[in-house]
Amino acid sequence: MGGFGGPPARSTRSETVRSRTPVTRQLRVAVVGAGPAGIYASDILTKAELPEGFESVSIDILDRDPTPFGLIRYGVAPDHPRIKEIIKALHRVMGHEDIRFFGNVDYGTDLKLDNLQLFYDAVIFATGARRDRDLDLPGIGLDGSFGGADFVAWYDGHPDVDREWDFAPDAQSVAVLGVGNVGLDVARMLAKTADELLVTEIPDNVHASLAKNATQDVHVFARRGPAQVKFTPMELRELSHSPNIDVIVHPEGFELDEGSMDAIRASKSQKLVVDVLQNYLAKEPTGAAHRIHIHFCQNPVEVLGEDGRVVGLRTEVTELDGTGNAKGTGEFIDWPVQAVYRAIGYYSDNLSGLPFDQVHGVVPNDGGRVIEIDGTPLPGAYVTGWIKRGPVGLIGHTKSDAAETIRLLMEDLDTLTPPEHPEPDAIIRHFQTQGIQYTTWAGWERLNQHELELGHTHTHTHTRERVKVVPRDDMVRVARR
Ligand code: NAP
């Protein structure tokens, strides 16, 4: 990479006054990923006490999406406006004078670690996890077998996902595998009516596709018992808030063995979840048009197909073994379903130039300092959030991660190699010479305003808070106007 001649003016001036005043410079940090993990880390960094030698910090947050906020924009369900409120706090951080945003920049394609190290003292990766973890089952590749993360990205209007969802006209019964909060989101979004979701920020194409969704019965399968589910109480309670949905907990497999009682005693939240499940178990259905069924002790073993399309799911009945785990009984059940959604956890992308732990789907690290698989440190590279500890935990949990990563970065500052091109414009010149159509914070503010206006001028009967722009080119055009 050429075109970055001469040392920055500040170092030249510093040389001449070195004998009288200590040399100070700006700490330059790149954060890859503008989701909550990257923004929390940046916030903590702006407040960190800098060691001698650094007069200030300047942070550039890069994201492959043209927009900031990562999984809050493209992972939180549209009918969860309370969680989306977190954006307000993140918005305040992004407006900080020491932070810049560069969107539509794809790490690994547009630039890599060695490029970034020309411009920054340190690079913090906060790229999260967006893909579905693989599930190796016969039939998993059939038409009508979907990843929950793909469905989430679709209904949240991610630009890189096809506009149309493949709702088969006869898919009245569908299966959801996994009993975490993503499983709940998927089940709820499948069971709600399209019009119920019209008050949310769903894009128009999502509303039009959802209107063709024929689902009446969503069967959610847990491979263990009620005390082992990963739901959180509030999200589980909320399932029944729709007048169009009955939540039906099936008694078969609703077992609480000694291991389950230990789990309930150890966690107030787990106890609350079991209480909510027990309430559902005792409740008579209201006759609502759509039903979410929750089944316990059913381990999915095969997706059944005919002519290349899903026609059923085979599960093996399990029983709890007293330790919190379950074992197969050798009894199998075939469930007639016309679509299967696996919501068994997210998986992170491998990042160019960084080691990757395939088993846990994380970048190997020691408290946030990136290390090679053999434990050798990779100087100047850090991780935080799901890429650091795996795809578990609520959004707020990522703050403590970020605090640890920034503390270690501060400890390392004296040992880091200063960048060759620390001047803030150098990265912009790089984008320009590479023809990268990057977006900025001011661009996001324009796009944000545009989406809010679309909501208010919407032609449906409801005024909507926002209507999301979906195609990448359209977002970039509005942002770069
Ligand atoms: P998760 O909480 O880890 O749940 C994954 C589920 O998949 C578990 O029930 C797991 O069962 C099951 N599973 C894994 N492998 C399986 C297999 N081979 N066959 C059958 N079931 C299998 O993951 P998540 O739902 O993706 O959520 C990720 C994080 O995001 C969580 O911390 C979640 O709370 C958070 N989140 C929060 C919200 C919200 O509204 N607050 C929304 C979405 C996500 P086992 O336990 O038996 O392994």
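First listed ligand is number 1; within each ligand, the first listed atom is number 1.
For the residue pair His80 / Glu238, a side-chain donor-acceptor distance below 3.5 Å is found, with atom types taken as modelled. No side-chain N or O of His96 forms a donor-acceptor pair with one of Asp43 less than 3.5 Å apart. Using modelled atom types, one finds no donor on one side chain facing an acceptor on the other under 3.5 Å when comparing Thr127 with Asp349. Side-chain atoms of Asp204 and His207 include no donor-acceptor pair closer than 3.5 Å. No hydrogens or angles considered: nothing links the side chains of Trp386 and Ser348 as a donor-acceptor pair under 3.5 Å.
If you check which protein heavy atom lies closest to atom 41 (N) of ligand 1, you get Glu235 OE2, 3.2 Å. Nearest protein heavy-atom contact of atom 25 (O) of ligand 1 is Val182 N, 3.0 Å. The protein heavy atom nearest to atom 31 (C) of ligand 1 is Gly393 N, 3.9 Å. In this structure, the protein non-hydrogen atom closest to atom 34 (O) of ligand 1 is Asn181 ND2, 2.9 Å. For atom 7 (O) of ligand 1, the nearest non-hydrogen atom of the protein is Ile344 CA, 3.3 Å.
Checked by atom type and distance alone, the side chain of Glu316 pairs as donor or acceptor with a backbone atom of Gly330 at under 3.5 Å. Side chain of Trp165 to backbone of Phe151: no donor-acceptor contact under 3.5 angstrom is found. The main-chain N or O of Gly287 is never found under 3.5 Å from a side-chain atom of Arg291 such that the two would form a donor-acceptor pair.
Heavy-atom contacts of Val392 reach the following atoms of ligand 1: 32 (O) (cutoff under 4.0 Å). Less than 4.0 angstrom separates some heavy atom of Gly180 from each of these atoms of ligand 1: 2 (O), 4 (O), 6 (C), 9 (O), 25 (O). Listed by number with element, the atoms of ligand 1 under 4.0 Å from a non-hydrogen atom of Leu394 are 34 (O), 37 (C), 41 (N). Every atom of ligand 1 with a heavy atom of Pro391 under 4.0 Å away is listed here by number and element: 28 (C), 29 (C). Here is the list of ligand 1 atoms found below 4.0 Å of a heavy atom in Trp386: 29 (C), 30 (O). Atoms of ligand 1 lying under 4.0 Å from any heavy atom of Ile83, numbered from 1 in the order shown and given with element: 39 (C), 40 (O), 41 (N). Shown in contact with Ala343 at under 4.0 Å from a heavy atom are these atoms of ligand 1, numbered in order with element: 5 (C), 6 (C), 7 (O).
The CD atom of Glu201 lies 8.5 Å from the CZ atom of Arg464; values are rounded to the nearest 0.5 Å.
Within the 4.0 angstrom cut-off, atom 10 (C) of ligand 1 has no protein heavy-atom neighbours.
Selection from Arg82, Arg223, Arg224 by nearest heavy atom to atom 17 (C) of ligand 1 gives Arg223. Around atom 15 (N) of ligand 1, the closest heavy atom drawn from His80, Gln228, Arg133 belongs to Arg133. Of the candidates Gly148, Gly178, Gly345, Ala222, it is Gly345 that places a heavy atom closest to atom 23 (O) of ligand 1.
In this structure the side chain of Val105 never reaches within 4.5 angstrom of the side chain of Asp63, judged on heavy atoms.
With a 4.0 Å heavy-atom cut-off, ligand 1 is reached by the side chain of Leu135 but not by its N, CA, C or O. When non-hydrogen atoms are compared, ligand 1 lies under 4.0 Å from neither the backbone nor the side chain of Phe231. With a 4.0 Å heavy-atom cut-off, ligand 1 is reached by the side chain of Asp185 but not by its N, CA, C or O.
In terms of N/O distances under 3.5 Å, ligand 1 is approached by Lys230.
Every heavy atom of Leu177 sits 4.0 Å or more from the atoms of ligand 1.
Environment of CG in Asp106: crowded, with over 12 heavy atoms of neighbouring residues, nucleotides or ligands closer than 6.0 Å.
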*asked:* Would Tyr107 and Phe125 count as a ring pair (Phe, Tyr, Trp, His ring centres under 6.0 Å) here? Give the steps.
replied: CA-CA 10 Å; Tyr107 176 85; Phe125 292 89; 5.1 Å; yes
*Show your working on ring pair (Phe, Tyr, Trp, His ring centres under 6.0 Å) between Phe101 and Trp444 and close with a plain yes or no.*
CA-CA 9 Å; Phe101 170 66; Trp444 157 250; 8.2 Å; no
